[in-house]
Amino acid sequence: MANFVARRLLQAVPVVLLASIFVFALLQIVPGDPAVSLAGPQATDAEVRTVRDRLGLNRPMLEQYFTWAGRAVRGNLGTSFRGGQPVLQQIRQSAEPTIELTLAAFLIEVTLGVALGVLAGMHVRSGWDWFLTAFTTLGIAIPHFVLGLVLLYLLSFRLGWFPVGGQVPITENFGQGLRSLVLPASVLGVTGAAVLARFVRSSMAQVMSQDFVRTARAKGLREGVVMVRHALRNSLIPVITVIALQFAGLLAGSVVIENVFSRPGLGRLVVNAIQGRDYPVVQGTLLVLVGIFVLVNLVADLLYGVIDPRIRLS
């Protein structure tokens, strides 16, 4: 198992390296000059050059990248151009609401998606299967921000059941925090559950037709034991892959949802940094998100090895 983990960690290194190069280069080719933005519209060319020299933007791109990457390896993501705060400190302050939203949406997605997918896979061409088809079609077709705006209008503006926007930490006030979390988490979770349920249904339907499932039933095992110990476990490999990708999608979707529901978080932090040409904040936040994606995929690989020990030998 230790060798399996070591191999997966080594495979993650080039992924993070390539992602860091892409993130850094992408911002370099984006139109706009942060020095001009910081100096102000009335600044002279000399003042703009002074700002550019102070920020190190006049140095060659390769030199800028290696300086930034060397600091990032040591845990220093730089300093914000605008706020003057360390980027890592800003990310820590903004991460808690995003993690809270992502975990709540992930819980909704996995619970609803797996439950509907298993029921539909067990009863192909039944009422459950038709319901799942309609649910997944609507869930995939409706974008996050459209569903968010519709629910915000109906349940907040019209009925007043939930707050219009903002965020209250659950650790400070559980009731208010939960009310502020229900709508954005439901929007992210339900749309993700539609995709997950479709994959679970296909995987379960395929496994249910296998000989070992019929053999387990012929031995007289209870249906619940057949479903959990034989069918569900053997259908989990492709499902885990989808869950890992969906978790990454939840983090990406939070950028939009946090703006729709006026919630603080990494999404708002990135959007404000892009608008203000605050390159260190954008680069640092994207690098942290890439690291989270790599970690999630590593966990998925480890789960593969737990479910099917043969994978550890591959």
Side-chain angles (χ1 to χ4, degrees), residues 94-121 128 131-156 159 161-171 174-204 232 236 238-268 289 292-293 295-297 299-300 303:
S94 302
E96 183 178 347
T98 299
I99 292 173
E100 182 181 270
L101 173 61
T102 302
L103 291 180
F106 185 69
L107 180 62
I108 294 173
E109 175 184 318
V110 172
T111 303
L112 187 60
V114 171
L116 290 177
V118 168
L119 286 172
W128 279 111
F131 171 77
L132 176 67
T133 301
F135 173 74
T136 54
T137 301
L138 289 175
I140 295 172
I142 301 177
H144 285 153
F145 71 92
V146 173
L147 181 60
L149 291 173
V150 170
L151 292 181
L152 196 61
Y153 174 75
L154 292 177
L155 302 181
S156 296
L159 299 177
W161 291 355
F162 302 100
V164 175
Q167 181 255 351
V168 178
I170 289 183
T171 54
F174 183 80
Q176 292 297 325
L178 189 61
R179 289 185 70 241
S180 67
L181 186 62
V182 167
L183 282 186
S186 298
V187 170
L188 279 176
V190 169
T191 52
V195 178
L196 179 59
R198 174 58 67 184
F199 277 92
V200 174
R201 183 263 182 199
S202 299
S203 185
M204 280 292 294
L232 184 58
L236 280 181
V239 172
I240 288 175
T241 303
V242 177
I243 289 176
L245 294 174
Q246 288 293 95
F247 186 85
L250 291 176
L251 283 172
S254 67
V255 175
V256 177
I257 295 302
E258 285 173 354
N259 282 275
V260 170
F261 288 92
S262 301
R263 288 178 59 90
L266 293 177
R268 295 284 297 277
L289 291 177
I292 294 174
F293 295 162
L295 179 62
V296 170
N297 285 323
V299 172
L303 288 177

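Residues: numbered from 1 along the sequence shown.
- A donor-acceptor pair under 3.5 Å is absent between the side-chain atoms of R263 and the main chain of I257, judged by distance alone.
- Across A185 and L101, no two heavy atoms sit closer than the pair N-CD1, 3.5 Å.
- Contact between L266 and E258 at its shortest, heavy atoms only, is N-OE1, 3.6 Å.
- Residue pairs satisfying the salt bridge (Lys or Arg N to Asp or Glu O under 4.0 Å) criterion with at least one member in residues 141-150, sequence neighbours excluded, are absent.
- Closest non-hydrogen pair, A197 versus L116, comes out as CB-CB, 4.3 Å.
- Residues R268 and S262 have side chains in contact (heavy-atom distance under 4.5 Å, counting atoms from C-beta outward).
- Annotation: the span from L188 atom CG to L147 atom CG amounts to 9.5 Å, rounded to 0.5 Å.
- Between the T98 side chain and the G265 main chain, no donor and acceptor come within less than 3.5 Å of each other.
- Checked against side chain to side chain donor-acceptor pair (under 3.5 Å), S180 has no partners two or more places apart in sequence or in another chain.
- Listed by chain and number, the residues in a side chain to side chain contact (heavy atoms under 4.5 Å, CB included) with L155 are L151, L159, W161, F162, L183 (sequence neighbours excluded).
- Distance CG/L103 to CD1/I99: 7.0 Å, rounded to 0.5 Å.
- For the side-chain contact (heavy atoms from CB on, under 4.5 Å) criterion with E109, the lone passing option out of L196, T191, V190 is L196.
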